[in-house]
Amino acid sequence: MTDEDVTKAVNSTIDTMYHLVGTCKMGQDDENTVVDTRFKVKGVRGLRVVDASVFPKVPAGHPAAAVFAVAERAADLIHEDRRDKSF
């Protein structure tokens with residue numbers, strides 16, 4: 001193989017891995033936030049965002065562990081909200 005062949009092979013098989021985060025800003029007081037601190041989408045009843053989009057920055061490593069932590073916290077909050085409501 002020539003250097004050109006190797007370059008073509010590498011360019012056709014290698015891809016970057018993107019971990020998109022920060023597309024749904026979380027907060028209480030900022031008018032630019034999308035979700036509140038209980039993961040509820042502002043202005044929409046019954047919808048929550050529970051994924052990496054609520055992260056303010058990309059984690060240093062793979063985001064899976066951080067996503068699991070967010071999901072566990074959100075699950076606790078959802079259980080609290082359901083327990084506190086009288087149906």
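Quick note: numbers below take in every heavy atom, side chains included, and nothing from hydrogens, waters or symmetry partners.
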Donor-acceptor pairs under 3.5 Å, side chain of residues 43-56 to any protein atom, not counting sequence neighbours: which ones?
unit_1: R48; atom_1: NH1; unit_2: R38; atom_2: O; d: 2.8
unit_1: R48; atom_1: NH1; unit_2: D81; atom_2: OD2; d: 3.4
unit_1: R48; atom_1: NH2; unit_2: D81; atom_2: OD2; d: 2.6
unit_1: D51; atom_1: OD1; unit_2: S53; atom_2: N; d: 2.9
unit_1: D51; atom_1: OD1; unit_2: S53; atom_2: OG; d: 2.4

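For N11, the side chain to side chain contact (heavy atoms under 4.5 Å, CB included) partners two or more places apart in sequence, or in a different chain, are T7. Residues passing the side chain to side chain contact (heavy atoms under 4.5 Å, CB included) test with E4 are T2, K8, sequence neighbours excluded. Applying the side chain to side chain donor-acceptor pair (under 3.5 Å) rule to S12 yields no partners; only residues at least two apart in sequence or on another chain are considered. Partners of N32 by side chain to side chain contact (heavy atoms under 4.5 Å, CB included), not counting sequence neighbours, listed by chain and number: D30.
Using a 4.5 Å heavy-atom cutoff, the side chains of E80 and R83 are in contact.
A distance of 9.5 Å separates OG1 of T33 from CE of M26, quoted to the nearest 0.5 Å.
The number of heavy-atom neighbours closer than 6.0 Å to CG of D3, taken from other residues, nucleotides and ligands shown, is 12 or below.
When the side chains of ILVMFWY residues are joined at heavy-atom separations under 4.5 Å, either directly or via intervening members, I78 and V70 end up in two distinct hydrophobic clusters. Note on I14 and M1: same hydrophobic cluster, where clusters join Ile, Leu, Val, Met, Phe, Trp and Tyr whose side-chain heavy atoms are under 4.5 Å apart, directly or indirectly. Hydrophobic cluster membership is shared by V67 and V34, with clusters built from Ile, Leu, Val, Met, Phe, Trp and Tyr side chains linked at under 4.5 angstrom.
Here the closest heavy-atom approach between residue T37 and residue L77 is recorded as O-CD1, 3.8 Å.
At least one donor-acceptor pair under 3.5 Å links the side chain of K42 to the backbone N or O of Q28.
Sorted by first and then second residue, the side-chain hydrogen bond (donor to acceptor under 3.5 Å, both in side chains) pairs involving residues 59-77 (not counting sequence neighbours) form an empty list.
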